[in-house]
Visitor: 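Can you read through this structure? Questions will come right after.
Every chain is numbered from 1 and lettered A, B, ... according to where its sequence line falls, protein lines coming before strand lines. Predicted, not measured: the structure shown is a model, and the values here were computed from it. The analysis underlying the following values was restricted to heavy atoms, covering all of them including side chains, and did not include hydrogens, waters or symmetry mates.
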Amino acid sequence: MNKKLRTKFLNAEIKSPLVLPAGIMDMSFSGLDISAKNGAGIVTSKSFTLQPRTGHKGPVVAEFEGGFLNAMGLCNPGIVDGLAETNEFKERSDTPVIVSVFATNVNDFLKLTEYVNTSKGDFLELNLSCPNVFDEFGIPLAASKDEVHKIIKAVKKISEFPVIAKLSPNVYDIVSIAKAAESAGADAICMINTVGPGMLIDTKMVKSVLFNKFGGLSGPCIKPIALKLIYQTYSEVRIPIIGMGGVKSGEDAIEMMMAGASMVGVGTAVYYRGIEVFNKINNEIIEFMDKNEYSNLEGVPKLEKLK
Amino acid sequence: MNKKLRTKFLNAEIKSPLVLPAGIMDMSFSGLDISAKNGAGIVTSKSFTLQPRTGHKGPVVAEFEGGFLNAMGLCNPGIVDGLAETNEFKERSDTPVIVSVFATNVNDFLKLTEYVNTSKGDFLELNLSCPNVFDEFGIPLAASKDEVHKIIKAVKKISEFPVIAKLSPNVYDIVSIAKAAESAGADAICMINTVGPGMLIDTKMVKSVLFNKFGGLSGPCIKPIALKLIYQTYSEVRIPIIGMGGVKSGEDAIEMMMAGASMVGVGTAVYYRGIEVFNKINNEIIEFMDKNEYSNLEGVPKLEKLK
Amino acid sequence: MNKRITLKIAKIEDETHDIKTFTFKHKLNAKPGQFIMITDFEGGEKPLSISDCSEDEFSITVKKIGEFTSRLFQKREGDFMSIRGAFGSSFFISDGKVLLVGGGYGSIPLYLLAKYLSEAGADISVINGARTKNDLVFCDKFRELGIKLIITTDDGTYGEKVSSVDVARKILSNQLVPKPQLGNNDHFQAGAWKRENDEKKKKFDFVYAAGPEMMMKSLQGVIGDIEYEFIFERYMKCAIGICGNCTMDPLGIRLCVEGPVLSKKIVEQITEFGKYHRDATGKRILY
Amino acid sequence: MNKRITLKIAKIEDETHDIKTFTFKHKLNAKPGQFIMITDFEGGEKPLSISDCSEDEFSITVKKIGEFTSRLFQKREGDFMSIRGAFGSSFFISDGKVLLVGGGYGSIPLYLLAKYLSEAGADISVINGARTKNDLVFCDKFRELGIKLIITTDDGTYGEKVSSVDVARKILSNQLVPKPQLGNNDHFQAGAWKRENDEKKKKFDFVYAAGPEMMMKSLQGVIGDIEYEFIFERYMKCAIGICGNCTMDPLGIRLCVEGPVLSKKIVEQITEFGKYHRDATGKRILY
Ligand SMILES: Cc1cc2nc3c(=O)[nH]c(=O)nc-3n(C[C@H](O)[C@H](O)[C@H](O)COP(=O)(O)OP(=O)(O)OC[C@H]3O[C@@H](n4cnc5c(N)ncnc54)[C@H](O)[C@@H]3O)c2cc1C
Ligand SMILES: Cc1cc2nc3c(=O)[nH]c(=O)nc-3n(C[C@H](O)[C@H](O)[C@H](O)COP(=O)(O)OP(=O)(O)OC[C@H]3O[C@@H](n4cnc5c(N)ncnc54)[C@H](O)[C@@H]3O)c2cc1C
Ligand SMILES: Cc1cc2nc3c(=O)[nH]c(=O)nc-3n(C[C@H](O)[C@H](O)[C@H](O)COP(=O)(O)O)c2cc1C
Ligand SMILES: Cc1cc2nc3c(=O)[nH]c(=O)nc-3n(C[C@H](O)[C@H](O)[C@H](O)COP(=O)(O)O)c2cc1C
Ligand code: FES
Ligand code: FES
């Protein structure tokens, strides 16, 4: 891959700043592999839970103008079978892999971390986007800086891999949560998870389209929300940010970087532009760099931080 | 206008369920008038403040895939000149008008209400979407059910017009706020205001596109978020809802109604489909009713409420 | 194309005791091998092959298996169903000498294929097999196309007791030469179709197969170096190529996008073929 | 079309002491009368008429007035500016006998119009007026088009002391007949352009005007029943027809969508014409 795309992320050398995010093309080692082969610099596993989960009944996705709703329901084969896929991927590829895990309490996160410690993964990502678990003030886990701090602090104590906190955009003050993650020892932030959630209705059958009724928004239309939250967070934390949400083009990826992202996730755009999307965006980034005379990614400027 | 579109809203007879929402084509009596002439059943004034406001410097709007960001900054001529426009409109039209007002505290809302009492308006709408004023727990006004309750209760005591609470979607639990509004005596809910906010970046100049940096999302892509919040609210309050957010077609309007809206706002779609958008949507609603054999709007079913 | 459309069921027809065809009036523009995702919004959205498709209508043909298909079987004409698609790859349309091998409800996508092949002027033989006579689908439809039809049953309830793969092996090696059927006299009869010595041996140009994966796996072993396409099933959720549930190892082929029809070159690289597939959790299930 | 594009300033030229032309290399496809919104992202996005436009470049011509335009005047060639557009209505292109009346920097959109009219074969007279000689724009550009040019100044610093509306009145009533200019000898000279008795009176087909609103208001009084189009200015924010800041009473015409060029039929119904406009708060400002 073109040298111009080389980047560092937490002391790892990465061949492209693009990341395959959790939940996209990652139910199998081969899904990770084809994404890496198509130009992703880092790939992320599905968010694994302790037990296997079938996820929600279909329809689990629904398109609208500007994006998709999804309510996969965290379907995954469970941490044991999941890590087997991750390991099989690592036997074939030198592309770094982020193992994503999901739980709703410290204990389960710790158990998951122990499993991940035994794997061939490179990074551990904690999916902290649960809207259904509340702290004592009735604030959802995703929005509770105390919960987030507690979980990360505990996980950091035992994790053998750098720890990435994946944050939900659906909170008042994502910056305070990012800061809580940072102060608890998180090595990086990954943001944003899906927005909303939202709903769509079939007017002929008078039914919500998703069987789960509600699903998170992803795709181009969430990009402005992602950029804003990444920019705010970048202005106040020092740890690197994997920025994502609606990235579809090289231009979008550059926007993410200018907002403060070190790495850029590309999820739903796999639908819009095919699995080749990573290389397409890689090439567009190079084009942009050539046109604007940036010789390496570090040279691409960031917005002035918010005061 | 076609009789099929007749609807009741708070004891007023309305010729179409479509509403021109606050902030769209409403800086002048003639903007309201042309919207009514083009088929809006109710028109809303710009949100007036006690003093005139120039609003933010431009750019104040920015397009992205699926919608627009705007950061108008509540520009308005102030309540006195604003009501003069409203009154001039009412001299020419029998279309009901909602006077929207914005403040950040009870006292100012009360002063605004006194002005509105002297006007020819038909409804009073309180724009409660301020993200910049916090209650004692650090919760923004838009998200504080106590603040919302306090303001509405006070305003209801003196308002000579039915009071509509306009809610922000950017809160954890819009239902509790809607319920607070209802229990304080609000006659209706208007939802949703713009989403996010978000940001866009010009990659050549490395600047945020909006001079205010951040702006609220409107347009088609917020429809799923609007539908979800309206549906949740409809499931738990009895007062009518003016539903809005991304409505662009008759099908969208029907979705809003099925989610629980009594009236449907059409804002940003004025850009996509011209000022004729109201009549276009009116016609599409009639077409839908004919095709699915609904003889009046009350016959259009709602989704089963959430339990 | 992922736009959802909600349609009334225009017609429901029984194919067998547990297979029905549902027809919708809608211009779908689907090609043989493609599928739709269909739902009634009551839980479950499922991939089903297009079994027929014309200018203004299309059909799906469904075997009652579990929760979703059972509910579908209770629908009546006039009921709404909501679909998106058509999705996926379609069969190559050869104009040469071709053999189609279908097993059980797997034969469903082969009918539309046969129609297209027939229009293209191909010399078509179809082996339509099933476990037992009651599971045979589309025999009449194949007959109507006027092609060479060979019906087999594993248990001999229709014709001899024989596996379709065995028959395919004999036909591909020209030991047997199927003749255009006479009336309904088209069950497998090894004797009747023995190659006469004066019959010319023309090699087959293309083999198509649809059916149980283990059947296709065996068939692969007898095809030799002839070009082929198989149609596969994997658990599908999004059908738009993002969730990754339907990927096939080790290529990461997404069956909903690059499939469901896969060509020889791809099939030969698929190590999970005939070994395992993944369920709704992503767990591997061995065959 | 609302897509934003960020471009380098290719060329900056002085027109007068306080008017400059900025040229960009970009295919804008704008028609005479249309405008763009332009910003440097330092505060302010402003509507400016397209003053020239060809296959691969376009220009704007700007008078230094306040904060934004002053900052614009400090830009250099090679600096970026970001634009969206072109927006709005454009002038009708007549091929008859037409009179263009421009006042001050208002003449800016008339040059591109004159170019189009000239191509359409119209018989063109332009009255290019200003308060004083230093405020005259585009005189040379109009001269290059080889059309009948009449330059007026309110204070007589170029030609006689005369108002452009007065001159327009005389020309429209055929008391004066403008002749093609000789060299730079095109300032207003009532004597030189008196109608000779043998000159045929052909009525004007179309009048175009651009300039201070009160000038256009007076002009309206002398046009009689000839068709006309005026180009207006109102405070613009969104430029996409949703904020309503630029509406004109009582029609609710959005100047950014239905304007900035308005035809006689519309202008005649606009009650605020020459009376008031609205500022950034929406407050009415009397002329
Ligand atoms: C591309 C493709 C085309 C198909 N075409 C046809 C067809 O034309 N006719 C037909 O009858 N069947 C077809 N199937 C199979 C059909 O999708 C399943 O029979 C159906 O989903 C069963 O659902 P259920 O709820 O009734 O059964 P369940 O009890 O839910 O499942 C029974 C079995 O059906 C399969 N299945 C269930 N859900 C899915 C899913 N979402 N994706 C894939 N497989 C699933 C699994 O093997 C499962 O073990 C096709 C499958 C695929 C992938
Ligand atoms: C359709 C249209 C075409 C125009 N074409 C030209 C042109 O070709 N050349 C040119 O020099 N000027 C043109 N103008 C006027 C130009 O927009 C203003 O001169 C400019 O915006 C002044 O900005 P400022 O910050 O320098 O001055 P400010 O000090 O901000 O304002 C001075 C005056 O400029 C006007 N103005 C300011 N902002 C706006 C705005 N957003 N929209 C409309 N008017 C505004 C107001 O009358 C204001 O009183 C046009 C205006 C319109 C509406
Ligand atoms: C189908 C789908 C499944 C997802 N599953 C997960 C998941 O398991 N864990 C997680 O942290 N995020 C999950 N996400 C969120 C994505 O990782 C990403 O944050 C989001 O989609 C925004 O990026 P995009 O707009 O590029 O898709 C999922 C998104 C989609 C569309
Ligand atoms: C340019 C613009 C200005 C707006 N101004 C206001 C306002 O002053 N007060 C208010 O309550 N809502 C305001 N809104 C929000 C709209 O009333 C509406 O809630 C929102 O745009 C969603 O509807 P839409 O997607 O149909 O535009 C504004 C929206 C836009 C796009
Ligand atoms: S079903 Fe989701 S990738 Fe194929
Ligand atoms: S500037 Fe907003 S409507 Fe014209």
Visitor: I'd like to verify something: which residue of B:Met257, B:Glu304, B:Lys248 has the highest number of heavy-atom pairs under 4.5 Å with chain A?
Guide: B:Lys248

Visitor: Is there side-chain contact between B:Met258 and A:Asp202, with at least one heavy-atom pair below 4.5 Å?
Guide: no

Visitor: Would you call the rings of A:Tyr231 and B:Phe214 parallel, tilted or perpendicular, taking 30° and 60° as the class edges?
Guide: perpendicular

Visitor: Is A:Val195 close to B:Ile225 at the side-chain level, that is, under 4.5 Å between some pair of heavy atoms?
Guide: yes

Visitor: Contact part of A:Gln232 toward chain B, heavy-atom cut-off under 4.5 Å: side chain, backbone, both or neither?
Guide: side chain

Visitor: Side-chain contact, heavy-atom cut-off 4.5 Å: A:Val171 with B:Tyr172?
Guide: yes

Visitor: When only pairs under 4.5 Å are counted, which of B:Pro197, B:Pro301, B:Gly219 shares the most heavy-atom pairs with chain A?
Guide: B:Pro197

Visitor: Take a 6.0 Å sphere around CD of B:Glu276 and say whether it holds more than 12 heavy atoms from other residues, nucleotides or ligands.
Guide: yes

Visitor: Search all heavy atoms of B:Ala259 against all heavy atoms of A:Met199 and return the closest pair with its distance.
Guide: CB-CE, 4.3 Å

Visitor: Tell me, for A:Asn292 versus chain B, whether the close heavy atoms (under 4.5 Å) come from the side chain, the backbone, both or neither.
Guide: side chain

Visitor: Measure A:Ile222 against the heavy atoms of chain B and call it side chain, backbone, both or neither at under 4.5 Å.
Guide: neither

Visitor: With only heavy atoms counted, which part of A:Ala226 is less than 4.5 Å from chain B, the side chain, the backbone, both or neither?
Guide: neither

Visitor: Measure A:Lys302 against the heavy atoms of chain B and call it side chain, backbone, both or neither at under 4.5 Å.
Guide: backbone

Visitor: Given that the side chain runs from C-beta out, which part of A:Leu217 has a heavy atom under 4.5 Å from chain B: side chain, backbone, both or neither?
Guide: side chain

Visitor: With sequence neighbours excluded, tell me which residues meet salt bridge (Lys or Arg N to Asp or Glu O under 4.0 Å) with A:Glu182.
Guide: none

Visitor: Could you pull out all residues at least two apart from A:Glu284 that satisfy side chain to side chain donor-acceptor pair (under 3.5 Å)?
Guide: A:Arg273

Visitor: With rounding to the nearest 0.5 Å, note down the distance linking OH in B:Tyr272 to CD in A:Glu65.
Guide: 6.5 Å

